[in-house]
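The figures here come from the full heavy-atom set of this structure, side chains too, leaving out hydrogens, waters and symmetry mates. Start at 1 with the first residue, then count along the sequence. Predicted model, so just to flag it, every value in this text is computed and none were measured.
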Amino acid sequence: MRLQLSDEDVAFREEMREFFTTKVSKEIRDTVAARHELTKEQIVEAQQTLNAAGIAVPNWPVEWGGKDWTPLQRHIWHEEMQLANVPIPLAFNAGMVGPVIAAFGSQELKERFLPKTANLDIWWSQGFSEPDAGSDLASLRTTAVKEGDEYVVNGQKTWTTLGQYGDWIFNLVRTDPEAKKQAGISFLLIDMTTPGVTVRPIELIDGGFEVNEVFFDNVRVPAENLVGEENKGWDYAKFLLGNERVGVAPVGATKRSLAAAKEYAKTAGPGGTSLLEDPLYASQIADLENELLALELTALRVVAHSADGKPHPASSVLKLRGTELQQAVTELYVDMGGPASLASGAGPESDLADWNKVSTPYYLNFRKASIYGGSNEVQRTIIAGTILGLRG
């Protein structure tokens, strides 16, 4: 595999780097760099800045705002964005429902939703997981019963990330209870202001309210909001999850976070001494740098061998190892901070370094990384079957 970028790709990387570091608000980039939570307004502003330049949804068809880029160029775009502390375009819009509507939706749905989805004029939520249907998603029980030109939806979704901001929610619903569980599912778009939709926050272990439960009580949805064909929703969900898995291990963001940790380590020892002089920390950081280099090469291999929009099976390796390294870097921050990492509630009057205050919440929050996008246990099964050729 050729590892050196062509002159054209080098120029493309410089173009992306200059845009991300000069055109996106410094306040937003500083917020990301400090590992602070972005506001809804900041997330919208960042995506609209990218969309105004035509680079918010490069993976979409060109007629709907996509770019005729090579897979490598899309990879460079993604990595340079993370290295510049620019928020990735909202995944629910850019990487999930947008591509599904573009591939399977009616012309009316495309015209109605895709421009607003790319510009984040509509904030989409994901309605997939349920209390008894997480990794075994096909066991979902939320129903949609056809009554005339409407569906009546009843059920519950959970772990709906940032659902408190949602304008619309794309749902997997059961439209044929008699069919085998994968065959009776449809993909339905629901306005979250519709009577009968209730959003309830879930407090997480880090004290935040990032995820929610969403309840549907006799919610009436126009049948025109069905994406594609009835009872074909499982096919569309697999298409969506394949797209999600490729970008779920942010190599650039993890590299940036590790580089910052290395800088903090220079004065994080007792009395402001350098932890880099401690062989334990030095070897731990070196190991993580080597692992990230290997992960970066794996990402390039996935890019090089992905065709026709279908991710290479090695994307499961990328997801598995990438999320493990994300978690390992957050653990490094806690280790470096020691007791000071427990100061997540410290106010501005505290003389503790800011990175100490956010280390433990970040560590706790990123326990989720090995679950979303297809749990790491599921990824090991995929790797065993598709790469190693093992069969149970």
Side-chain angles (χ1 to χ4, degrees), residues 91-92 95-101 103-105 124-146 151-161 163 166 168-190 197 202 211-217 219 221 223 225-248 309-311 313 315-317 319-320 323 368-387 390-392:
F92 313 113
M96 297 185 185
V97 73
V100 169
I101 294 174
F104 306 108
W124 285 95
S125 298
Q126 182 182 20
F128 277 21
S129 295
E130 298 184 4
D132 295 315
S135 294
D136 183 18
L137 184 58
S139 297
L140 64 89
R141 295 184 295 185
T142 296
T143 60
V145 178
K146 189 78 173 291
Y151 287 98
V152 180
V153 179
N154 284 279
Q156 176 187 355
K157 299 294 178 178
T158 194
W159 310 122
T160 307
T161 303
W168 285 71
I169 183 168
F170 54 95
N171 273 293
L172 291 182
V173 294
R174 190 161 299 285
T175 43
D176 185 354
E178 303 302 322
K180 72 173 187 177
K181 58 184 184 179
Q182 288 91 348
I185 294 172
S186 297
F187 197 104
L188 195 62
L189 311 178
I190 301 177
V197 178
I202 301 172
V211 296
N212 303 265
E213 297 175 289
V214 182
F215 299 89
F216 302 93
D217 182 12
V219 177
V221 181
N225 290 3
L226 178 74
V227 175
E229 298 179 42
E230 191 174 88
N231 299 324
K232 296 292 186 181
W234 188 249
D235 294 335
Y236 311 149
K238 288 190 294 182
F239 173 87
L240 181 153
L241 292 171
N243 286 332
E244 178 188 15
R245 195 162 294 138
V246 173
V248 82
K310 298 178 181 178
S315 63
S316 288
V317 177
K319 194 279 175 184
L320 171 65
T323 51
K368 68 189 179 185
S370 50
I371 299 173
Y372 60 52
S375 72
N376 283 7
E377 289 75 17
V378 170
Q379 302 313 312
R380 290 185 177 94
T381 300
I382 294 172
I383 292 165
T386 61
I387 298 177
L390 303 177
R391 296 291 184 267

**Request:** Apply side-chain contact (heavy atoms from CB on, under 4.5 Å) to I190 and N225, showing your working.
**Result:** CA-CA 7 Å; I190 301 177; N225 290 3; over 6 Å; no
**Prompt:** Step by step, would you call D235 with F187 a side-chain contact (heavy atoms from CB on, under 4.5 Å)?
**Reply:** CA-CA 9 Å; D235 294 335; F187 197 104; over 6 Å; no
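With rounding to the nearest 0.5 Å, the separation of CG in L226 from OH in Y151 is 4.5 Å. Note that CZ of F239 and CZ of F104 are 5.0 Å apart. Values are rounded to the nearest 0.5 Å. The OG1 atom of T175 lies 11.0 Å from the NZ atom of K232; values are rounded to the nearest 0.5 Å. In this structure, T158 OG1 and E213 CD are separated by 4.5 Å, a value rounded to the nearest 0.5 Å. Atom-to-atom distance recorded for N154:CG and T142:OG1 is 8.5 Å, nearest 0.5 angstrom. Rounded to the nearest 0.5 Å, atoms OG (S316) and CZ (R380) are 11.5 Å apart.
Closest non-hydrogen pair, A369 versus T323, comes out as O-CG2, 3.1 Å. Contact record, A133 with S139: CB-C, 3.8 Å, taken as the closest heavy-atom pair. When every heavy atom of G166 is checked against every heavy atom of S125, the shortest pair comes out as CA-OG, 3.5 Å.
Put simply, the side chain of K157 gets close to the backbone of L172: a donor and an acceptor are under 3.5 Å apart. Remark: the backbone N or O of V211 is not paired with any side-chain donor or acceptor of T161 at under 3.5 angstrom. Of the possible polar contacts, one joining the Y236 side chain to the E229 backbone as a donor-acceptor pair under 3.5 Å is found. In terms of modelled atom types and a separation under 3.5 Å, the side chain of R174 and the main chain of K181 share a donor-acceptor contact.
A 4.5 Å side-chain heavy-atom check between L189 and V97 finds at least one atom pair inside the cut-off. Side-chain contact between F128 and L240 is present, with heavy atoms from C-beta onward closer than 4.5 Å. The closest side-chain heavy-atom distance from I383 to V317 is below 4.5 Å. Counting only heavy atoms from C-beta outward, the side chains of F216 and I169 approach each other to under 4.5 Å.
No donor-acceptor contact under 3.5 angstrom links the side chains of N212 and T160, judged on distance only.
Around atom CH2 of W234, more than 12 heavy atoms belonging to other residues, nucleotides or ligands sit under 6.0 Å away.
Classification of the W124-F170 ring pair by plane angle, with boundaries at 30° and 60°, yields tilted.
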